[in-house]
Amino acid sequence: MSKVIFFEVQGGSDKGPDGYRGDTMPMVKALQQRGQEAEVIFFELEKRDEIFNYVKDNAVAYVSRINPGNLAHEAEYFDMLRELCATGVIGMPHPDAMICYGAKDALVKLRHTSLVPEDTYAYYTIDEFNAIFPRALANGERVLKQNRGSTGEGIWRVQLVDALEEGTYIVPLNAKIKCTEAKDNHVEYHELGDFMIFCQQYIIGANGMLVDMPFLPRIKEGEIRLFMLRDKPINVVHKKPAEDADAFSATLFSGAHYRYDSPEEWSILVQGFLGQLDEITSLLGGYDLPLIWTADFILDTDENGQDTYILGEMNCSCVGFTSELELAHRVAEEILACVHEKMLV
Ligand SMILES: Nc1ncnc2c1ncn2[C@@H]1O[C@H](COP(=O)(O)OP(=O)(O)OP(=O)(O)O)[C@@H](O)[C@H]1O
Ligand SMILES: [Mg+2]
């Protein structure tokens with residue numbers, strides 16, 4: 001009952017020469033240096049029961065380090081984690097926390113907070129998309145976000161090419177629109193109706209949905225990623241989109257420029273966000289905060305002309321820190337603190 005188990009999965013582009021993610025063994029070693037037994041298990045569906053029993057009998061906690069994109073049997077993996085948590089193993093994080101924080105519709109669950117604009121929507125059916133999106137677009141530029149995929153794939157900025165006629169509250173399906181994809185900032189022109197048919201692929205199938213939020217023009221000043229260990233801000237990455245006129249993307253392969261800052265340099269954002277963490281956890285299902293997670297913000301201006309920070313997305317399934325491995329020691333301390341707190345309860 002005393003080990004900390006790190007779950008990984010074999011294969012995928014996130015692995016180093018030793019077959020593990022680059023940040024896994026540093027965490028294992030940092031725990032071992034502190035007298036805590038730790039090991040890595042590769043999840044395989046064929047060994048599911050064997051793994052479950054071993055972890056149930058030997059582990060105090062697990063740390064999930066699997067990128068869902070690398071996992072063929074995500075549902076079965078999450079079921080196993082859910083059962084482990086139910087038997088008392090401490091989940092870092094609980095699988096439903098991974099789902100709640102990681103899914104794009106987390107934004108919609110937070111839209112009554114100051115972190116998310118009220119006119120942010122999630123479409124789970126084509127009918128909802130057809131009913132609402134042409135009205136939302138009539139109010140201004142939008143960003144449509146698919147739930148699956150990453151690095152800006154299927155994230156589209158949508159603008160009207162011509163202004164609507166006075167008194168029009170629904171964009172006609174034959175209106176010309178300009179669509180820019182965050183993956184590489186490339187531009188396509190379509191009629192609204194055709195583009196909406198193209199977007200149906202994002203809604204159908206497992207975990208399909210589209211989130212629709214206002215386009216925030218101050219993205220030009222950069223996206224601000226807060227890297228968190230549970231409730232502790234650790235560092236900030238400022239991601240400034242490329243300079244070209246249409247560039248709005250801060251994603252990895254989009255040409256954006258990354259700068260590393262300390263949380264102290266962003267104290268208004270950080271203090272404001274920490275003050276809302278209790279509300280966020282409760283709106284997202286009441287799970288414990290993930291061990292390692294990120295929240296991304298974009299600047300906006302409120303009705304009094306003051307800066308506000310709008311949440312663009314959160315990630316918690318498998319946030320890496322391979323480029324800053326010295327963080328492994330802080331992560332190990334955090335794991336031990338979490339185990340200690342849970343044991344006291
Ligand atoms: N509401 C918005 N207004 C302006 N730009 C936005 C908005 N939402 C997202 N973006 C831009 O689009 C990019 C991609 O969006 P998002 O981060 O939601 O997608 P992703 O594919 O999950 O990316 P990641 O690789 O960060 O996981 C952001 O980095 C940001 O530059
Ligand atoms: Mg992002």
Side-chain angles (χ1 to χ4, degrees), residues 1-82 84-85 89-95 97-99 101-102 150-151 225 227-230 234-235 237 252-253 258 260 290-294 315-339:
M1 266 279 290
S2 59
K3 296 184 181 185
V4 171
I5 301 291
F6 289 80
F7 284 121
E8 285 224 42
V9 72
Q10 228 114 35
S13 57
D14 57 348
K15 302 300 182 301
D18 60 358
Y20 299 108
R21 286 174 50 88
D23 46 20
T24 295
M25 290 319 285
M27 287 189 281
V28 169
K29 289 188 182 128
L31 283 172
Q32 289 168 345
Q33 281 171 19
R34 289 164 175 77
Q36 169 64 53
E37 282 184 84
E39 66 185 59
V40 184
I41 292 181
F42 287 95
F43 177 75
E44 283 175 68
L45 189 58
E46 297 68 36
K47 295 193 184 155
R48 189 255 187 223
D49 291 342
E50 191 187 322
I51 295 172
F52 173 81
N53 287 322
Y54 179 80
V55 176
K56 174 169 74 71
D57 294 338
N58 294 285
V60 61
Y62 71 74
V63 180
S64 179
R65 299 300 289 165
I66 298 185
N67 183 340
N70 292 335
L71 189 58
H73 303 282
E74 186 181 35
E76 290 86 348
Y77 174 64
F78 280 173
D79 276 343
M80 183 188 78
L81 297 186
R82 221 171 263 122
L84 284 171
C85 291
V89 178
I90 302 167
M92 298 188 195
H94 189 283
M98 278 191 257
I99 293 170
Y101 284 75
S150 64
T151 59
R225 165 163 292 188
F227 179 103
M228 302 279 297
L229 290 182
R230 295 204 294 160
I234 301 299
N235 63 33
V237 190
L252 199 54
F253 308 112
Y258 286 21
Y260 296 85
L291 175 68
I292 307 173
W293 60 293
T294 59
N315 285 298
C316 82
S317 276
C318 196
V319 175
F321 57 93
T322 304
S323 56
E324 290 160 286
L325 287 177
E326 67 282 9
L327 276 179
H329 293 283
R330 295 190 68 171
V331 178
E333 294 289 345
E334 202 59 37
I335 293 171
L336 293 174
C338 180
V339 169

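We use all heavy atoms of the structure for the numbers below, so side chains are in, but hydrogens, waters and symmetry mates are not.
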Margin query: Taking the basic N atoms (NZ, or NE/NH1/NH2) and the acidic carboxylate oxygens, is any pair closer than 4.0 Å for Glu76 and Arg48?
Written below: no

Note to self: Quick check: do Cys338 and Leu291 have side-chain heavy atoms less than 4.5 Å from each other?
What the structure shows: no

Check: Between Glu8 and Arg21, is there a salt bridge with N-O shorter than 4.0 Å?
Finding: no

Item checked: Pair Glu50 + Lys47, salt bridge at N-O below 4.0 Å -> no

Margin query: For a 4.5 angstrom cut-off between non-hydrogen side-chain atoms, does Val4 reach Glu37?
Written below: no

Item checked: Nearest heavy-atom neighbours spanning Phe321 and Ala328 -> CE1-N, 3.6 Å

Check: Looking at CD of Glu333 and CD of Gln36, how far apart are the two atoms once the value is rounded to the nearest 0.5 Å?
Finding: 11.5 Å

Notebook entry, point to check: Under a 4.5 Å cut-off applied to non-hydrogen side-chain atoms, are Tyr258 and Leu252 in contact?
Noted result: yes

List the atom pairs, with distances to 0.1 Å, where a side-chain N or O of residues 25-33 and a protein N or O form a donor-acceptor pair under 3.5 Å, not counting sequence neighbours.
residue: Gln32; atom: NE2; partner: Ala38; partner atom: O; Å: 3.2

Check: Between His94 and Arg82, does a side-chain contact (heavy atoms from CB on, under 4.5 Å) hold up when you go through it step by step?
Finding: CA-CA 7 Å; His94 189 283; Arg82 221 171 263 122; 4.0 Å; yes

Notebook entry, point to check: What heavy-atom pair brings Val55 and Val89 nearest, and what distance separates the two atoms?
Noted result: O-CG2, 4.2 Å

Next item on the list: Any chance you could lay out the side-chain contact (heavy atoms from CB on, under 4.5 Å) test for Lys3 and Val60, step after step, and finish with the verdict?
Entry: CA-CA 6 Å; Lys3 296 184 181 185; Val60 61; over 6 Å; no

Checklist line | Minimal non-hydrogen separation, Asn70 against Gly11, with atom names | finding: ND2-O, 4.2 Å

Check: For the atom pair CZ (Arg225) and OG1 (Thr294), what is the distance rounded to the nearest 0.5 Å?
Finding: 4.0 Å

Next item on the list: Determine, using ring centers only, whether Phe43 and Phe52 are less than 6.0 Å apart.
Entry: no

Next item on the list: Please name the pair of heavy atoms, one in Cys316 and one in Ala97, separated by the smallest distance, quoted to 0.1 Å.
Entry: SG-O, 3.9 Å

Item checked: Under 3.5 Å: donor-acceptor pair, side chain of Lys15, backbone of Val9 -> yes

Next item on the list: Determine the minimum heavy-atom distance between Val237 and Tyr260, stating which atoms define it.
Entry: CG2-CE2, 3.7 Å

Notebook entry, point to check: Under 4.5 Å between any side-chain heavy atoms of Leu81 and Met98, yes or no?
Noted result: yes

Check: Could you state the interatomic distance from CG (Leu325) to OG1 (Thr24), rounded to the nearest 0.5 Å?
Finding: 10.0 Å

Next item on the list: Apply side chain to side chain donor-acceptor pair (under 3.5 Å) to Tyr62 and list each qualifying residue two or more places apart in sequence or on a separate chain.
Entry: none

Next item on the list: State, with a plain yes or no, whether a side-chain heavy atom of Ile292 is found less than 4.5 Å away from one of Leu229.
Entry: yes

Notebook entry, point to check: Taking only residues two or more places apart in sequence, or in another chain, which ones meet Phe6 in a ring pair (Phe, Tyr, Trp, His ring centres under 6.0 Å)?
Noted result: none

Check: Where do Gly91 and Cys85 come nearest, in terms of heavy atoms and distance?
Finding: CA-SG, 3.8 Å

Item checked: Interatomic spacing from CD1 in Ile66 to SG in Cys318 - rounded to 0.5 Å -> 8.0 Å

Check: In terms of side-chain geometry, is the basic nitrogen of Arg65 or Asp23 positioned less than 4.0 Å from the acidic oxygen of its partner?
Finding: yes

Checklist line | Side-chain donor/acceptor of Trp293 to backbone N/O of Phe227, under 3.5 Å | finding: no

Margin query: Could you measure the distance from the CD atom of Glu334 to the CD1 atom of Ile234? Nearest 0.5 Å is fine.
Written below: 7.0 Å

